Amino acid sequence: MLGTRHRAARLVPDMAHLINLERVSKSYGVRPLLQDVSLGISLGERVGVVGRNGDGKTTLLEVMTGLEEPDSGRVSRTRGIEIGYLHQGDELVDSHSVRESVLQGRQDHEWAADPTTRQVVEELLAGIELDRAVVGLSGGERRRCALAALLLTRHDLVILDEPTNHLDVEAVAWLASHLVALPSALIVVTHDRWFLDAVCQTTWEVHDGAVDAYEGGYAAFVLAKAERQRQAAASEVRRQNLVRKELAWLRRGAPARTSKPKFRIEAANALIEDVPPPRDPLQLERFAAQRLGKDVIDIEDVDLARGEKVLLDHATWRVGPGQRIGVVGVNGAGKTTLLTLLSGELAPDHGRVKHGRTVALQHLTQALDDVDPEGRVLPTVEAIRRVSKTLDGQELSASSLLERFGFTGDRLTARLGDLSGGERRRFQLLKLLLTEPNVLLLDEPTNDLDIETLNVLEDFLDGWPGTLVVVSHDRYFLERVTDSTVALLGDGQVSMLPRGVEEYLERRAAMLAAAPPASPAARSVPAPSAPSSGSAPTGAGMHDAVSTASGAAAGTASVAASGPAKARPGSAEDRAARKVLARVEKQLERIAVREAELQAEMEANLTDYDLLARVGAELSQLGEEKDVLELEWLEVSEVLD
């Protein structure tokens, strides 16, 4: 994060551009990410940046801030400009406390006296003990601390790279309103389309080395882009007609005629060569769904607890055929646990979860699959299914299917261990859909997916004739693919929300207003201690498992030593839990080995900044995987003796 020191409430004088790019180009290896890009941002502007993963969004930000130098062109910045940059890593000092890193050591009575500071701390640092060392924080907690530190410092330009990661729907709504009220300029890269609409006045689309500017947020961007494509399509029709006319002319004439006017031949060749490549190669085929009967999943009089935290209390809920349900709740309310219960991977403490006889269920978890890093993309898919059928009966080979998922060229034979986070997420989704399920449980499916991929996924789900249950912090995606919304509000029930996310936010606001005020110290509590086993979690990432909806309303959280009812030794539940535990511990060991390898690689290449950036990104991805696995380990271990 750049420019996080406190200074007087000063902004640079109003002028044309705070930062200006003139014919800037930047490449990595042989791949050009920016080509002759010219743009600028002025004081008070709020710009959203969209584009496919790997197309250069982060590179654009780093060139603008000076972290990367352009290969050619000019970048000019207003003298004395203060830039705050939240990148995908962080610059928190491990030996510092959260209080030192975020609040510059200010005591509770000092920061709580300022309404803006108090609001930032209460929204972003809830559940994090201020005097806790940074070194023990999970990836999500570090991210929230870095965001809070940036927002508590005055800047002329704020640049945010994926700021909504690790925030629930409620926190995303608060962040949007907070950013709109800032006097500084803003550039934000995010795949959260609701957030783009709520915050941004201009949208930059990064693609194929270019940056196209559109007025308005995401909705206006989509409309303007569609109009540009309509105009381009009309031009393309005229161009194709001219191509056909020219080619027909070239083919006419006596066979003995060998000479044609050179300018006509050159004109036709130029038209043929100008045919543009497709901009949108990524598609998802709609899989032929298996028949789904009348009964799908029934939760009957279910109790489920984690420690003293009651997630469900005599809850009854029916998931019917063809229903599309979104699940919302604060972090730690039990949304992930609810999906695990629905999938049958977790047994209730009391009551039962009943599946219909014809249910073919698949569960997309937040954790990336444990794959053989030496395996290859195409052979792995062919081992699952070599040929798939679409709803219209078309047969697709494994290679054709992978191409529709964005795996083209050398990515078809890439090592699974070399795939990026977004590629691994797409690969995981592909493997899941190859089984042709009729019930899908999706836990944060938008993680690591760019907007183009999300659009394709939404299009697939539009025509998919099965039952869908989705947990997502992406409000746009949730409202786009589901028809009804339920919430976990801390009362032990699954509550229907006829008006969707908007009603959820209203009810949460009412709960917070009705809750008794909590002292500043009570708003931040220690995270649970780590298990002693070397292969067990370190304690990072456990906050989501212990903070309750009612606790969040009161600004408090608690951890109890007692757990839920233990599985009877030798029972089916005991065997299933031990199997899951062994898998999770194996994955944690793999992550630990890989983290050690990456740390050693960084120490040996301290001056190779490109390598450090790549390794840092992989470490961040491993940290997120570790957070999810540690939470799963804790939940499963509580049911074992």
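This structure is a prediction, so every number in the text was calculated from the model and none was measured.
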Would you name the heavy atoms of [X] and [Y] that are closest together and state the gap between them?
X: A146; Y: L86; answer: CB-CD1, 3.7 Å
X: S472; Y: P445; answer: CB-CD, 4.3 Å
X: P163; Y: T190; answer: CD-CB, 4.4 Å
X: H207; Y: D55; answer: CA-OD2, 3.8 Å
X: D418; Y: R411; answer: O-NH2, 3.7 Å
X: G326; Y: L478; answer: CA-CD1, 3.9 Å

Does this structure show an ion pair linking [X] with [Y], if we count only N-O contacts that are shorter than 4.0 Å?
X: R142; Y: D90; value: yes
X: K335; Y: E444; value: no
X: E382; Y: R376; value: no
X: R594; Y: E597; value: yes

Counting C-beta onward and ignoring hydrogens, is there a side-chain heavy-atom pair between [X] and [Y] closer than 4.5 Å?
X: R324; Y: V481; value: no
X: L150; Y: L160; value: yes
X: L60; Y: M64; value: yes
X: V49; Y: I187; value: yes
X: P70; Y: V75; value: yes
X: R426; Y: N53; value: no
X: F477; Y: T482; value: no
X: T380; Y: F427; value: yes

Assess whether side-chain contact (heavy atoms from CB on, under 4.5 Å) is satisfied between V377 and L419, documenting all intermediate values. CA-CA 9 Å; V377 171; L419 298 182; 4.1 Å; yes
Donor-acceptor under 3.5 Å ([X] side chain, [Y] main chain):
X: T340; Y: E345; answer: no
X: R144; Y: L125; answer: no
X: S101; Y: V98; answer: no
X: D192; Y: W194; answer: yes
X: H191; Y: L449; answer: yes
X: D474; Y: T446; answer: no
X: D450; Y: G51; answer: no

Those residues at least two apart in sequence (or on a different chain) that pass salt bridge (charged side-chain N to carboxylate O under 4.0 Å, His left out) with E374 are R415
Pair [X], [Y]: side-chain N/O donor-acceptor within cut-off below 3.5 Å:
X: T435; Y: Q362; value: yes
X: T365; Y: D443; value: no
X: D161; Y: T58; value: yes
X: Q428; Y: R425; value: yes
X: S397; Y: S400; value: yes

- [ ] Tell me, please, whether F195 has R475 positioned over its six-membered ring: NZ or CZ under 6.0 Å from the ring centre and within 45 degrees of its axis?
- [x] no
From [X] atom [atom1] to [Y] atom [atom2], the distance as rounded to the nearest 0.5 Å:
X: E625; Y: E618; atom1: CD; atom2: CD; value: 9.0 Å
X: L124; Y: R143; atom1: CG; atom2: CZ; value: 11.5 Å
X: R132; Y: C145; atom1: CZ; atom2: SG; value: 9.0 Å
X: K431; Y: I384; atom1: NZ; atom2: CD1; value: 5.5 Å
X: K626; Y: Q587; atom1: NZ; atom2: CD; value: 13.5 Å
X: L622; Y: I591; atom1: CG; atom2: CD1; value: 6.0 Å

Residues passing the side chain to side chain contact (heavy atoms under 4.5 Å, CB included) test with T59, sequence neighbours excluded, are K26, Y28, L33, L34, V63
In V327, L338, L361, L468, the residue satisfying side chain to side chain contact (heavy atoms under 4.5 Å, CB included) with L441 is L361
Is there a salt bridge (charged side-chain N to carboxylate O under 4.0 Å, His left out) between K57 and E205? Walk through the geometry before answering.
CA-CA 9 Å; K57 300 187 297 294; E205 183 189 21; over 6 Å; no
Notebook entry, point to check: Going through the distances and angles, do E601 and L598 end up as a side-chain contact (heavy atoms from CB on, under 4.5 Å)?
Noted result: CA-CA 5 Å; E601 189 174 1; L598 292 174; 3.9 Å; yes
### Message
Would Y218 and T203 count as a side-chain contact (heavy atoms from CB on, under 4.5 Å) here? Give the steps.
### Response
CA-CA 7 Å; Y218 179 76; T203 301; 5.8 Å; no
*Might you work through the side-chain contact (heavy atoms from CB on, under 4.5 Å) test for L378 and F407, ending with a clear yes or no?*
CA-CA 9 Å; L378 180 58; F407 292 95; over 6 Å; no
